[in-house]
Amino acid sequence: NYKPGMGTALKYRSLYYWVIGDYEQATKHALEMLRVFEGTTNDLGLSQAYNLLGLIHERSRDYEKAKDHYMKALEIRQKAGLKRDVAYSFNSLGSLHVSLSKYDEALDYFLKSLAIRKELGDEDILSQTYGNLAVVYMKKKDYTTSLDYYQKALNIVEKSTNQYRKVVNYTNLSEVHIRLGKYNEAERYLTKSA
């Protein structure tokens, strides 16, 4: 009856089904996780359950439910003073608004996430926020600002050993350079990603 362990196991089972696209099973395990943490003092576990439900609903394009769950997670995290997780919630809400093509709202959430992550000095996760901001500016066709944020993300990612994130950043930078008509730069980043 070790609830933190049960909740964590259910979280990973849910994530497994989410990754393979079985949203029914993912939802089932996320709801079980939620039930484990309801009525406990484990604010982190409870907020993660709501956030996970938001992720599942966002992926299955039920955006209203996704937003409701993300907002519940955010509220719990703010009350509990879980700053790192509040930043994560803002990031999730930003991504949701990108899916809804509401780019100004997405920017607002990503900038809130960025402020907290800068305050915490969380370099690795900062690269994610910079990348998300770059995506929004790409969608808004502000390629110069997008390039700026992709470059900030790359500056962090190049120090890491995460090859996947490096390749994603190189590919994204090449796309921005193509939009700016800088084909030699685009080719340089594409070559690096190969």
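Atom OG1 in T40 sits 6.5 Å away from atom CZ in F37 (nearest 0.5 Å). To the nearest 0.5 Å, atom CZ of residue R77 and atom CG of residue L82 are 7.5 Å apart. Put simply, OH on Y50 and CD on Q48 are 14.0 Å apart, with the number rounded to the nearest 0.5 Å. One distance of note links CG of N132 with CG of N91; it measures 4.5 Å at 0.5 Å rounding. Distance CD1/I178 to CG/L190: 6.0 Å, rounded to 0.5 Å. Note that OG of S47 and OH of Y88 are 10.5 Å apart. Values are rounded to the nearest 0.5 Å.
The existence of a salt bridge linking E24 and K28 is excluded, since no basic side-chain nitrogen approaches an acidic carboxylate oxygen closer than 4.0 Å. We find that D108 and K112 are joined by a salt bridge, their nearest charged nitrogen and carboxylate oxygen being less than 4.0 Å apart. Classification of R165 and E158 as a salt-bridged pair fails, no side-chain N sitting under 4.0 Å from a carboxylate O.
Between the side chains of S99 and E58, at least one donor N or O lies within less than 3.5 Å of an accepting N or O. One side chain, R117 or Q128, offers a donor N or O that lies under 3.5 Å from an acceptor on the other. Judged by distance alone, the side chains of T145 and D142 do bring a donor and an acceptor atom under 3.5 Å apart.
Of all heavy-atom pairs between Y103 and V98, the closest is CE2-O, 3.9 Å. Across every non-hydrogen atom of I76 and D43, the tightest pair is CG2-O, 3.6 Å.
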Checklist entry - Yes or no on side-chain contact (heavy atoms from CB on, under 4.5 Å) for F110 and V136, after CA distance, side-chain angles and deciding distance? => result CA-CA 9 Å; F110 287 142; V136 174; 3.6 Å; yes

Next on the checklist: Let's go through Y109 and H97 carefully: what are the C-alpha distance in whole Å and the side-chain angles of both, what is the deciding distance for ring pair (Phe, Tyr, Trp, His ring centres under 6.0 Å) to 0.1 Å, and is it a yes or a no?
Outcome noted: CA-CA 9 Å; Y109 283 118; H97 282 83; 5.2 Å; yes

Next on the checklist: Is there a side-chain contact (heavy atoms from CB on, under 4.5 Å) between Y150 and L154? Walk through the geometry before answering.
Outcome noted: CA-CA 6 Å; Y150 275 135; L154 184 63; over 6 Å; no

Checklist entry - Does the side-chain contact (heavy atoms from CB on, under 4.5 Å) test come out yes or no for L15 and W18, once each step is laid out? => result CA-CA 5 Å; L15 283 169; W18 175 74; 4.2 Å; yes

Next on the checklist: Is there a side-chain contact (heavy atoms from CB on, under 4.5 Å) between M6 and M33? Walk through the geometry before answering.
Outcome noted: CA-CA 8 Å; M6 290 165 60; M33 177 188 177; over 6 Å; no

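The salt bridge (charged side-chain N to carboxylate O under 4.0 Å, His left out) check on E185 picks up R188, with sequence neighbours excluded. Residues forming a side chain to side chain donor-acceptor pair (under 3.5 Å) with N42 (at least two apart in sequence, or on another chain): none.
Checked against the 6.0 Å centroid criterion, the rings of Y183 and H177 do not qualify as a close aromatic pair.
Under the 4.5 Å side-chain heavy-atom criterion for Ile, Leu, Val, Met, Phe, Trp and Tyr, L96 and Y23 are members of the same hydrophobic cluster.
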